[in-house]
Amino acid sequence: MCCAVRDVVKTYRVGRGAGATRVRANDGISLEVRRGEVFGLLGPNGAGKSTLVRQLTGLLRPDSGGIEILGHDIVRHPDRAARLLAYLGQESTALDELTVRLAIETTARLRGLPTALARAATADVIDELALGPLAHRPLAKLSGGQRRLACFGAALAGPRPLLVLDEPTTGMDPIARRSVWSAVDRRRDQDGATVLLVTHNVIEAETVLDRVAVVDEGRVIACDTPGGLKAMVDGSVRLDLVWRDGAPTAIPLVAALAGRSAVNGRRWTVRTDPDEARELVAQVTAGPAFAALDDFSLSTPSLEDVYLLLGGRHEGLEK
Ligand SMILES: Nc1ncnc2c1ncn2[C@@H]1O[C@H](COP(=O)(O)OP(=O)(O)OP(=O)(O)O)[C@@H](O)[C@H]1O
């Protein structure tokens, strides 16, 4: 076991005096992260994911509950977390004035590597993430995605058995994102590192995560492998129809679909069983509606579908 979280409760106080209110950000969270796995925390804005990871990193103290990392009691000894894990938070301003190279090297030195080793580790990370062209520029002068990649690089400098990454790929282009996921894979496969990842990107998460905890309103509402979670929505498929200039609702078939589609701009999404989906595709593509279509696709369930399904079901889904 790498991390064990037991019934963690964290309440923030918002405002002052008589008008103060309380926000229960974590409402009894329990989960276990096994050694060597890439474990994801998935959930909507404000679900309590960052609050949980900040407690794991020793930066925030739970009101109650226990957190153990590699046998260390982090609630009692929050200072130990820094030796056990590398943390990439949502904001990283401490390193902003440094160049990319210095930010990575400084982090490696702070993690106890002697100068020569810190330099070598920095060169490796710069190479691995293709940060060479940015290495001499201060973080503050980089684009959002570039700065995020540089901060991720700093998080990798100096080995740690646990990587805690809060939305590591925010703002990154597809190439940078891919290099992040490759680097995460390498840390797990070659170094046996455990990775705890906060993400909103369900599609991306599906390809890198071994297990996922779905967090909502401060609680874990489901925890399983992506495959196990997707089995909940087995037997359904998703038909996406993208209309060129608005849907031709004068066509009876389209009018009938309107009532059962989730509409997002020009995109209509219908969830149904595979047989009906095939039938609908045949009807839409063979009839007059086809001329109004820009694109259509039929997909098997993704974690996103699970996530949407869980939105309304908060019980009995943990494994
Ligand atoms: N410092 C704070 N003071 C008061 N309330 C806070 C504070 N930090 C977070 N909260 C509240 O606690 C709840 C959980 O926030 P948290 O940042 O943990 O969510 P999250 O799941 O990480 O969200 P996101 O995906 O948007 O980053 C929210 O309602 C948030 O408004």
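Predicted, not measured: the structure shown is a model, and the values here were computed from it. Position 1 is the first residue of the sequence, and the numbers go up from there. One-based numbering, in listed order, for ligands and for the atoms of each.
With sequence neighbours left out, Val208 forms a side-chain contact (heavy atoms from CB on, under 4.5 Å) with Trp181, Leu197. For Thr300, there are no side-chain contact (heavy atoms from CB on, under 4.5 Å) partners two or more places apart in sequence or in a different chain. Remark: Arg101 engages no residue in a salt bridge (charged side-chain N to carboxylate O under 4.0 Å, His left out) (not counting sequence neighbours).
At a cut-off of 3.5 Å, with distance as the only test, a side-chain donor of Thr11 or Asp63 sits close to an acceptor on the other residue.
Between Lys10 and Ile29, the closest side-chain pair of non-hydrogen atoms is not below 4.5 Å.
Residues Arg6 and Glu32 are paired through a salt bridge, judged by an N-O separation under 4.0 Å between the basic side chain and the carboxylate.
At a heavy-atom cutoff of 4.0 Å, ligand 1 is surrounded by Tyr12, Val14, Val23, Ala25, Pro44, Asn45, Gly46, Ala47, Gly48, Lys49, Ser50, Thr51, Gln90, His200.
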